[in-house]
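Everything on this sheet refers to the single structure shown next.
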Amino acid sequence: MAHIANVALLVDNYDEAIAFYTTKLGFELLEDTDLGKGKRWVQVAPRQHNGTALLLAKAATEQQKQSVGMQAGGRVWLFIQTDDFWRDYNAMKAAGVTFLEAPREEAYGTVVVFTDLYGNQWDLLQRTDI
């Protein structure tokens, strides 16, 4: 069966996006290939990923530029599921990641909302039911 290989994430600048995801979130840079004319194929993913990666796509049109940071219209868009919430939360906090709330316990697990460098909202989540 096929799987989702990439999720495109609009960015303003490849290098600042790579720096954020690798230094603040601890992702690894999987690929950075120059395609010419200012375009690159850049993939990042959590170090223990399941094959799905973010494709950092530099916004090229006005519509794309207006969507940077608002990929989900202002709601949580992507979810990082962890096996150790407090380890990852504390590492991200120490790295300067912006959290929009205090961590909270929900019926499904421990969760906190944070933003990436452009303002997209993410959940850091440790599920209790798996």
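Every heavy atom of this structure was used, including side-chain atoms; hydrogens, water molecules and symmetry mates were not. Only a predicted model underlies this, so the values are computations on that prediction, with no experimental measurement involved.
For the residue pair Ala107 and Thr128, the shortest heavy atom distance occurs at O-OG1, 3.4 Å. Across all non-hydrogen atoms, the minimal contact from Tyr14 to Gly38 is CE1-O, 3.5 Å. For Ala45 against Leu30, the heavy-atom pair with the smallest separation is CB-CD1, 3.7 Å.
In this structure Asp32 satisfies the side chain to side chain donor-acceptor pair (under 3.5 Å) test together with Arg40, sequence neighbours excluded. Judged as a side chain to side chain donor-acceptor pair (under 3.5 Å), and not counting sequence neighbours, Asp84 has no contacts. Applying the side chain to side chain contact (heavy atoms under 4.5 Å, CB included) test to Thr22 and every residue at least two apart in sequence or in another chain returns Ile18, Leu29. For Asp116, the side chain to side chain donor-acceptor pair (under 3.5 Å) criterion is met by Tyr21, Asn120, Trp122, not counting sequence neighbours. With sequence neighbours excluded, no residue forms a ring pair (Phe, Tyr, Trp, His ring centres under 6.0 Å) with Trp41. Annotation: side chain to side chain donor-acceptor pair (under 3.5 Å) contacts of Thr33 (sequence neighbours excluded): Glu31.
Note that the CD atom of Gln66 and the OG1 atom of Thr61 stand 8.5 Å from one another [nearest 0.5 Å].
Each side-chain hydrogen bond (donor to acceptor under 3.5 Å, both in side chains) pair with one or both residues in residues 98-112, not counting sequence neighbours, appears once here: Glu101-Arg104, Arg104-Glu106, Glu105-Thr110. Pairs of residues two or more places apart, or lying in two chains, never qualify as salt bridge (Lys or Arg N to Asp or Glu O under 4.0 Å) while including a residue from residues 51-78.
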*List the steps, then state whether side-chain contact (heavy atoms from CB on, under 4.5 Å) holds for Ile80 with Leu125.*
CA-CA 6 Å; Ile80 296 177; Leu125 169 66; over 6 Å; no
Could you list the donor-acceptor pairs under 3.5 angstrom formed by side chains in residues 88-96, with sequence neighbours left out?
unit_1	atom_1	unit_2	atom_2	d
Asp88	OD2	Thr82	OG1	2.4
Asn90	ND2	Trp86	O	3.0

Identify all side-chain donor-acceptor contacts of residues 2-13 below 3.5 Å with residues at least two apart in sequence or on another chain.
unit_1	atom_1	unit_2	atom_2	d
Asn6	ND2	Gln43	OE1	2.7
Asn13	OD1	Asp15	N	2.9
Asn13	OD1	Glu16	N	2.8

